[in-house]
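Only this structure's heavy atoms are used, side chains among them; waters, hydrogens and symmetry mates stay out.
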Amino acid sequence: MSDTPPPSPARADADLVISPGRLQAFSDGVIAIASTLLILDVHRPSRDEPVWSALRHEWPALGSYVVTFLVIGIAWIHHHNMFHRVARVDRTLLFLNLGLLATISFLPLPTATLGEHLTRQNAPDAAVFYALSMALSSAWFTAFWHHLTRHPELMHEAARGTAAQARRQSLLGPVGYLAAALVALVSPVGALVVSGLIVLYFIVGRRNPASRTGPESLPADAQEG
């Protein structure tokens, strides 16, 4: 019986590579948990409370929940859109993705804080905290696209020309939420409205992001692999 030859260093390195699909699957799980946790801080009407009156008093928590859920949903859509263009994941992309997931997992805290304080004395502080958290979560996409712009070899060949434009477009998120943080100093409710308008733009102000997430959205040579 002959001995099996040891794998070559190149093959060993290839076996350690995390594919874009595996990274997406892990990210999907984390994002799903984070979005589910958001609703836990919205209090249901107790047995002795009038339902509609109790829900009306929960409008700050409900408003914060809706905006943040949509933010996470849009992040999930754009995450898929981006990684459909990625052919190979390097170490930097892995750590950028961990940073994004850590920030998204953190969002239930500023969301609950804003919902609790939006109609109280410390509302400006809560709204600034919320807007800055949103700015940080969206800034990861700018970092992703910046890295892909500098390393186009990580992308499918047909998609390499899209990285620079995507980086420019991604700046709207962090810049917009920083503007919301400034608005929060004057009007905490206004800051939540600004955050909602940013989300609305990403939903209807650009070409439907869901239409860009399938493999059919790329040219034929970028769909391979």
Side-chain angles (χ1 to χ4, degrees), residues 31-45 49-79 81 100-145 166-212:
I31 292 172
I33 292 171
S35 59
T36 302
L37 291 175
L38 293 172
I39 196 62
L40 298 181
D41 288 294
V42 179
H43 303 293
R44 70 177 186 271
E49 286 183 297
V51 172
W52 295 115
S53 176
L55 289 176
R56 186 171 64 251
H57 284 96
E58 284 294 307
W59 77 261
L62 286 168
S64 303
Y65 161 76
V66 169
V67 173
T68 308
F69 185 89
L70 290 175
V71 167
I72 293 178
I74 292 297
W76 174 73
I77 290 172
H78 288 308
H79 187 272
N81 176 43
L100 172 67
L101 296 180
T103 308
I104 287 178
S105 300
F106 179 78
L107 289 181
L109 175 60
T111 301
T113 302
L114 183 62
E116 183 70 23
H117 293 275
L118 188 58
T119 58
R120 301 184 181 183
Q121 182 177 0
N122 294 321
D125 293 338
V128 169
F129 177 42
Y130 179 83
L132 291 179
S133 299
M134 292 297 177
L136 179 59
S137 67
S138 62
W140 287 107
F141 283 98
T142 303
F144 271 122
W145 286 117
R167 179 178 60 182
R168 290 193 298 270
Q169 292 176 338
S170 71
L171 289 171
L172 175 65
V175 171
Y177 290 120
L178 287 175
L182 294 176
V183 172
L185 298 173
V186 179
S187 172
V189 175
L192 183 60
V193 171
V194 171
S195 298
L197 290 175
I198 295 170
V199 174
L200 186 64
Y201 168 78
F202 279 112
I203 293 175
V204 302
R206 297 168 58 184
R207 186 164 65 92
N208 181 7
S211 69
R212 303 196 301 269

Search all heavy atoms of P174 against all heavy atoms of S138 and return the closest pair with its distance.
-> N-OG, 3.0 Å
Is there side-chain contact between L136 and L132, with at least one heavy-atom pair below 4.5 Å?
-> no
Which pair of heavy atoms, one from A180 and one from A191, lies closest together, and at what distance?
-> O-CB, 3.3 Å
Set of residues satisfying side-chain hydrogen bond (donor to acceptor under 3.5 Å, both in side chains) with respect to T113, sequence neighbours excluded | none
CD1 of I77 to NE2 of H79, rounded to nearest 0.5 Å, is 13.0 Å
S35: side-chain hydrogen bond (donor to acceptor under 3.5 Å, both in side chains) partners, not counting sequence neighbours = none
Non-neighbouring partners of Y65 that pass ring pair (Phe, Tyr, Trp, His ring centres under 6.0 Å), sequence neighbours left out = F69
Under 3.5 Å, which donor-acceptor pairs do the side chains of residues 100-109 form with other protein atoms, sequence neighbours left out?
from : atom 1 : to   : atom 2 : distance (Å)
T103 : OG1    : G99  : O      : 2.9
T103 : OG1    : W140 : NE1    : 2.8
S105 : OG     : L101 : O      : 2.8

Taking the side chain as C-beta and beyond, is there a heavy-atom pair between L70 and F202 under 4.5 Å?
-> no
How would you list, by chain and number, every residue that makes a ring pair (Phe, Tyr, Trp, His ring centres under 6.0 Å) with Y177, sequence neighbours excluded?
-> none
Identify the residue among V66, I72, V71 that makes a side-chain contact (heavy atoms from CB on, under 4.5 Å) with L38.
-> I72
Atom pair CD/OG1 of Q169 and T142 - distance to nearest 0.5 Å = 11.0 Å
Measure from the side-chain N and O atoms of S137 to the backbone N and O of M134, and report whether any donor-acceptor pair falls under 3.5 Å.
-> yes
Write down the atom of P60, the atom of T119, and the distance for their closest heavy-atom approach.
-> CG-CG2, 3.8 Å
Listed by chain and number, what are the ring pair (Phe, Tyr, Trp, His ring centres under 6.0 Å) partners of W76, not counting sequence neighbours?
-> H80
Paired with Y130, the side-chain hydrogen bond (donor to acceptor under 3.5 Å, both in side chains) test is passed by just one of T68, D125, T111, namely T68
For residues F141 and A75, report the shortest heavy-atom separation together with the two atoms involved.
-> CZ-O, 3.4 Å
Nearest heavy-atom neighbours spanning V183 and G190 = CG1-C, 3.8 Å
Supply the atom-to-atom distance F144 CZ to H78 NE2, rounded to the nearest 0.5 angstrom.
-> 13.5 Å
